[in-house]
Amino acid sequence: MSEPLVVAKDLWKGYGAGPRRVEVLRGFSLTVQEGEMVAVVGPSGVGKTTLLYLLGLLDHPDAGEITLFGQNVGGLGQEERARLRNRFLGFVFQHHLLLGDFNLEENVAMPLLLAGEAKSTALVRARELLAEVGLLHRARHFPDELSGGEQQRGAVARALVARPRLLLADEPTGNLDAENARGLFQLLATLHLRDGLTSVIVTHNEALARNCHRVVRLLPESKV
Amino acid sequence: MQFLLFLVPRYLLGLARRTQVAVVSAISFVSLALGAMALVLTLALLEGFQSTVRRELKGTGPHALLLPAQGKRLPAGPWLDQLTQAHPQLRFCKVERGVAWMSTLGEATPVEVEVVAGLFGVEVDRVRAAMGGVGVGSEVDLLTPVPLLSPLGPTPRQVRVRVERVVEGASKSSPGSLRVPTAVGELLLGGSGREEVQVAVPPPLDPLVVTERLGPLPAGVVLRSFRELNRPLLAALALEKLLIGLGVALIVVVASLNLLCNLTMLAAEKRADAAILQAMGLPPRGIAQLFRTLGLAIGAGAGLAGCAFGWGLAALLHRTQALPLPRGVFALNHVPFAVLPEHLALVMGVTMVAAWAATSSPARAAARRSVLEGLRRE
């Protein structure tokens, strides 16, 4: 068996100080193999998003260690963490989070432009992704001209445009109606299969979570 | 950098869609532009007046003096002829200088006398003529304390001369002096005056440059260049420009505080964008660069606008002579403006430095802000 893509070992994370300190993760451990699609479910406040931010190198654990792609990321500096995020990670956030000053194709091309790709090349690749998510006709539209479902599909396209090895999605269907949610999940699953992507998807939607390879449950004050 | 150049124009264009930040941005832009314009106009005004003063200075000779290093007499020998041959474009005039009393209308006033070889008659400076009430054709008595031995013992030398010309600024080195021919000078000073060679630099040559390179000079002769002759005035003009320029530059500094508020607001408003960009892999240093570039872009735009309007207004005021000056008080009949390219570069530099200083703090603060805070804020 190949080396796991993600290994989170004995993660502790809390917020606040003194009597108001809240421990969100208490010795949480998780291993994700390459190509796996893992759903993380649990009630609000158990640390699902916190876990995603830790795995996405956007936050540091209070204790424990994270190994991504065989590399312990604990000692990495900000520049190196940023480089890893750009090259190997794709994020889909709970609230669309497209940049309002850029049209959809520019938003999707953004990770490639950040990586130093020429604008023309990046836009070509962005349009390919938009075609795959069925939004090519909306490429020149700005985020405030798109529906919630369209914005979320745009966010998925942006997360995948740089061909990341690991996709981290935080409630990608949280703000969508059932039909749109199903459609988006189906899209993720299709792209996942085709590109051999590895994903960690945080969701409240048990029905959708069951479609993933594995479901990890986070419970209040519990170790997993 | 290419990425920043892609982001910054869009954020600046996007400002127009966000009323509150757009208003503050517009205020920053306009105030910085006004500061730059005020600085351009001030420097143009100072340069206008000062260039007139410098032109007046350069227009009246002498532009340099060759003086004896010791004593009153210049060394003998053909050095002056050699110097004249070496610098055929310049005019050299050997004079002897002394002090006399000029008596007119029953009143005597001290006057500096210049003995000039080749002069045909007595020339009186316009100011001196006005003070003594003399004009062309007037007869004046000149007396010097240089003693003349007579049967009655030492007596002052006295000569009666006829004024042949009243001239404007006969001698810049000693305003209000009298210029007399060699014969009169010999009678008055008896060879006891201080010798000097006056050097005149005809246009279009620049006395400031030419007189610095005069030479070679023989031992015993020292040069007082145009710059040295006019050092107090030139220093005063430079100091005036520096201090007034610094004072007006404070407007730009105060205006840059608006930019600081603007950038702080913009950084707060773009907190989510900054977080998303960081999640996509832009390091905190890149976030700082982004906001710094935004501030510098506003500063550069405002500086350019201020320079352009300042230049335009200065040119308009100068060309139309819109600001008149009282006749007889000033050498000019209107307020002059002169915009120099180096002044525009200086104003742009001041504006950019002020903008850079104003953007540093908000840019660093934006880079330090937590990514999670930005993502959760949305």
Side-chain angles (χ1 to χ4, degrees), chain A residues 13 15 49-50 52-54 56-60 76-103 106-120 122-123 142-144 151 155 158-159 161-162 164 168 170 175, chain B residues 1-22 25 265-291 293-294 297-298 363-378:
Chain A
K13 182 69 184 176
Y15 296 102
T49 299
T50 298
L52 216 61
Y53 288 163
L54 291 175
L57 309 181
L58 294 171
D59 202 1
H60 295 265
L76 296 181
Q78 286 179 329
E79 298 276 334
E80 189 59 22
R81 292 166 80 89
R83 196 184 64 81
L84 277 180
R85 282 199 298 271
N86 182 246
R87 288 188 58 187
F88 299 122
L89 302 180
F91 288 94
V92 179
F93 297 105
Q94 188 171 1
H95 303 289
H96 325 312
L97 294 168
L98 294 173
L99 304 176
D101 291 301
F102 300 87
N103 65 31
E106 288 166 340
N107 260 290
V108 173
M110 204 63 79
L112 292 174
L113 295 170
L114 215 159
E117 285 274 0
K119 190 179 173 188
S120 54
L123 289 178
F142 281 82
D144 56 7
Q151 288 190 38
R158 186 181 64 188
V161 75
L168 300 167
D170 184 11
N175 294 321
Chain B
M1 197 61 197
Q2 195 186 344
F3 182 63
L4 290 181
L5 293 179
F6 171 64
L7 289 188
V8 168
R10 303 302 290 273
Y11 277 143
L12 289 175
L13 289 173
L15 281 175
R17 289 184 292 171
R18 297 185 296 276
T19 314
Q20 287 167 333
V21 183
S25 300
M265 274 186 78
L266 195 60
E269 199 215 35
K270 290 288 173 198
R271 190 180 289 185
D273 279 26
I276 298 166
L277 290 168
Q278 289 200 63
M280 283 192 285
L282 186 66
R285 185 172 48 87
I287 296 293
Q289 280 176 350
L290 169 64
F291 286 102
T293 312
L294 274 169
I298 293 174
R364 281 203 305 269
R368 279 199 301 267
R369 202 162 284 146
S370 157
V371 180
L372 305 187
E373 200 185 310
L375 291 174
R376 287 184 174 138
R377 189 169 174 268
E378 185 78 2

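What you are looking at is a predicted structure, and each value in this text was computed from that prediction instead of being measured.
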**Asked** Among K119(A), E117(A), M110(A), who wins on heavy-atom pairs under 4.5 Å with chain B?
**Response** M110(A)
**Item:** Geometric class of the F6(B)/F102(A) ring pair [parallel <30°, tilted 30-60°, perpendicular >60°]
**Value:** tilted
**Prompt:** L277(B) versus L99(A): any side-chain heavy-atom pair under 4.5 Å?
**Reply:** yes
**Complete:** When the 4.5 angstrom heavy-atom criterion is applied to F142(A) and chain B, the contacting part is side chain
**Prompt:** So, for R10(B) and N103(A), which heavy atoms are closest and what is the spacing to 0.1 Å?
**Reply:** NH2-N, 4.3 Å
**Prompt:** Does any non-hydrogen side-chain atom of P283(B) lie less than 4.5 Å from one of Q78(A)?
**Reply:** no
**Prompt:** What distance separates L372(B) CG from L54(A) CG, expressed to the nearest 0.5 Å?
**Reply:** 8.5 Å
**Prompt:** Could you state the interatomic distance from CZ (F3(B)) to CG (L113(A)), rounded to the nearest 0.5 Å?
**Reply:** 6.5 Å
**Prompt:** What distance separates L12(B) CG from D101(A) CG, expressed to the nearest 0.5 Å?
**Reply:** 9.5 Å
**Heavy-atom pair with the smallest gap, counting every atom of A82(A) and L282(B)** = CB-C, 4.3 Å
**Request:** Side-chain contact test, heavy atoms from C-beta onward, threshold under 4.5 Å: evaluate it for T49(A) versus L375(B) and give yes or no.
**Result:** no
**Request:** For A279(B) and F91(A), work out which heavy atoms get closest and say how close.
**Result:** O-CE1, 3.3 Å
**Prompt:** Heavy atoms, side chains only, cut-off 4.5 Å: are V371(B) and R85(A) in contact?
**Reply:** no
**Message:** Within this structure, what is the CG-CE distance for the pair N107(A) and M280(B), rounded to the nearest 0.5 Å?
**Reply:** 7.0 Å
